[in-house]
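Take a look at the structure below.
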Number of protein chains: 2
Amino acid sequence: MGHGLILTINWRQLNVYGGFAVKQDSLKSILAGKGLRLTRARQDIITAAQAMKGHFDPQNLYDSLKEKGSKASRASVYRSIPVLLEAGIISEAERTDRCTHYEKVTENRHHDHLTCLRCGTTIEFYSPTLEMLQDEICQRENFKGIRHNLDILGYCRECVDK
Amino acid sequence: MGHGLILTINWRQLNVYGGFAVKQDSLKSILAGKGLRLTRARQDIITAAQAMKGHFDPQNLYDSLKEKGSKASRASVYRSIPVLLEAGIISEAERTDRCTHYEKVTENRHHDHLTCLRCGTTIEFYSPTLEMLQDEICQRENFKGIRHNLDILGYCRECVDK
DNA sequence: TCATTAGTTGAGACAATATCTCATTAAAGG
DNA sequence: CCTTTAATGAGATATTGTCTCAACTAATGA
Ligand SMILES: [Zn+2]
Ligand SMILES: [Zn+2]
Ligand SMILES: [Zn+2]
Ligand SMILES: [Zn+2]
């Protein structure tokens with residue numbers, strides 16, 4: 001009688017972790033398919049990106065890279081970001097902060113953000129309804145939506161009363 | 001017999017332009033309430049911001065300011081942006097481009113964006129359902145939402161087939 | 001293994017963007 | 001006016017992202 005439950009859990013895990021942690025071999029072929037090479041620097045950058053906790057910006061990534069003793073340059077980090085995006089290893093997170101785009105490992109599935117204007121905490125959420133609604137809007141506007149960024153700014157429970 | 005119509009139109013204008021073109025006097029008191037002064041530079045910047053067409057970034061604003069012969073400095077422009085935001089004279093638009101925040105006069109009511117990844121065109125839309133849904137999400141998460149940024153990236157009608 | 005080819009790299013120069021410093025100016029209020 | 005103090009302008013400085021180019025190296029085939 002527990003089987004149904006187990007199946008459900010598996011299905012969920014598939015959803016939650018689908019596309020995570022591309023294996024080296026498949027990664028290599030993905031890159032090769034685009035005429036790209038899996039170099040040392042690129043490998044370091046990918047590893048570091050996958051090891052990042054939560055959101056990060058290019059500089060964060062570079063710092064973490066240096067910490068690990070990698071020789072990868074800052075330029076390479078910037079150059080790699082489009083590649084990592086393309087390969088589905090990272091994805092864009094919110095762009096709330098100053099002017100950097102934050103990126104995020106694709107560990108968990110797509111989600112949007114609530115960002116506290118006071119403490120900076122970000123709450124992640126996922127609303128299928130909201131996603132569907134956006135599809136409808138795109139259809140109505142004759143627009144082929146690829147991805148989106150939704151960031152709701154305001155005050156979290158702790159900060160709401162100053 | 002035309003009176004009802006006129007009233008309706010007025011009401012609509014109130015909605016559409018509500019909060020637009022803050023009068024100098026009330027503006028002054030809004031600022032005063034925060035211990036801020038309505039200086040020449042600030043005034044120039046506000047006027048210029050309200051005169052901007054569509055989206056713009058700080059540099060655009062500064063350029064337009066120079067065109068009009070204002071002596072306001074770039075620093076003042078940057079310094080004013082939080083103030084203008086606070087006073088509801090401008091609001092954030094999308095942050096798609098490089099790393100500048102785009103701002104937008106509050107001429108028309110809140111809307112969200114579809115941005116074409118190829119030609120850069122932005123289509124503005126407003127979906128009450130989507131707005132309500134976000135309110136619900138905030139409630140569910142015990143979050144006091146103030147404003148939000150939704151940008152759907154993809155391809156417009158003209159660019160969808162390369 | 002060696003040579004060829006072409007994608008990639010690192011370092012630093014550059015460019016663009018945003019913030020800061022500080023002496024000076026000028027609102028606001030009496 | 002005069003005082004108080006926010007605000008300013010100009011430029012220095014910091015941050016962020018891009019570009020150049022000679023050197024390097026992964027991939028491929030001989
Ligand atoms: Zn979403
Ligand atoms: Zn997130
Ligand atoms: Zn909206
Ligand atoms: Zn807009």
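Residue numbering restarts at 1 for every chain, and letters A, B, ... go by the order of the sequence lines. Both backbone and side-chain heavy atoms feed into the values below; hydrogens, waters and symmetry mates do not. Note that the coordinates shown come from a computational prediction; the quantities given were computed from them, not determined experimentally.
- In the interface, the side chain of B:R74 is not paired with the base of D:dG9 through any donor and acceptor atom under 3.5 Å apart.
- To the nearest angstrom, C1' of D:dT25 lies 13 Å from CG of A:L38.
- For the pair B:I81 CD1 and C:dT19 P, the interatomic distance rounds to 9 Å; values are reported in whole Å.
- Annotation for A:R157 and A:V160: closest pair O-CG1, 3.5 Å, computed over non-hydrogen atoms.
- With a 4.5 Å cut-off on side-chain heavy atoms, B:N60 and B:D57 count as touching.
- Among C:dA27, D:dA26, C:dG10, the nucleotide with an atom closest to any side-chain atom of B:R37 is C:dA27.
- For the pair B:Q59 CD and D:dT16 P, the interatomic distance rounds to 19 Å; values are reported in whole Å.
- Rounded to whole Å, the distance from CG on B:N60 to C1' on C:dT17 is 13 Å.
- At its two ends the helix from C:dT1-D:dA30 to C:dG30-D:dC1 runs along axes set 40° apart, each axis drawn from five pairs and the angle rounded to 10°.
- Contact annotation: B:Y78 does not reach the phosphate of C:dT19 (side-chain N/O to OP1 or OP2, under 4.0 Å).
- The backbone N or O of A:R37 sits less than 3.5 Å from a side-chain atom of A:R42, completing a donor-acceptor pair.
- Rounded to whole angstrom, the span from the CZ atom of B:F56 across to the P atom of C:dT17 amounts to 15 Å.
- For the atom pair B:I152 CD1 and B:L150 CG, the distance stands at 5.0 Å (nearest 0.5 Å).
- Among the atoms of the strands shown, base atoms are found under 4.0 Å from some heavy atom of B:R79.
- Within the 4.0 angstrom heavy-atom criterion, only backbone atoms of the sugar-phosphate kind lie near A:A72; the bases stay farther away.
- Per the geometry, CD belonging to A:Q43 stands 17 Å off C1' belonging to D:dC24, to the nearest Å.
- B:H111 and B:H55 have parallel rings, their planes meeting at less than 30° on a 0 to 90° scale where 60° marks the start of perpendicular.
- In this structure, A:L36 places its CG atom 14 Å from C1' of C:dT9, rounding to the nearest Å.
- With D:dG9, D:dA7, C:dT9 as the choices, the nucleotide that has an atom nearest any side-chain atom of A:T39 turns out to be C:dT9.
- We find that NZ of A:K28 is positioned 8 Å from C1' of D:dA26, with the value rounded to whole Å.
- Residues satisfying the side-chain hydrogen bond (donor to acceptor under 3.5 Å, both in side chains) test with A:Q59, not counting sequence neighbours, are A:D63.
- A pairwise comparison of heavy atoms in B:V77 and B:P58 identifies CG1-O, 3.7 Å as the closest pair.
- Of the two residues contacting DNA chain D, namely B:S76 and A:A75, the nearest-nucleotide position lying further toward the 5' end is that of B:S76.
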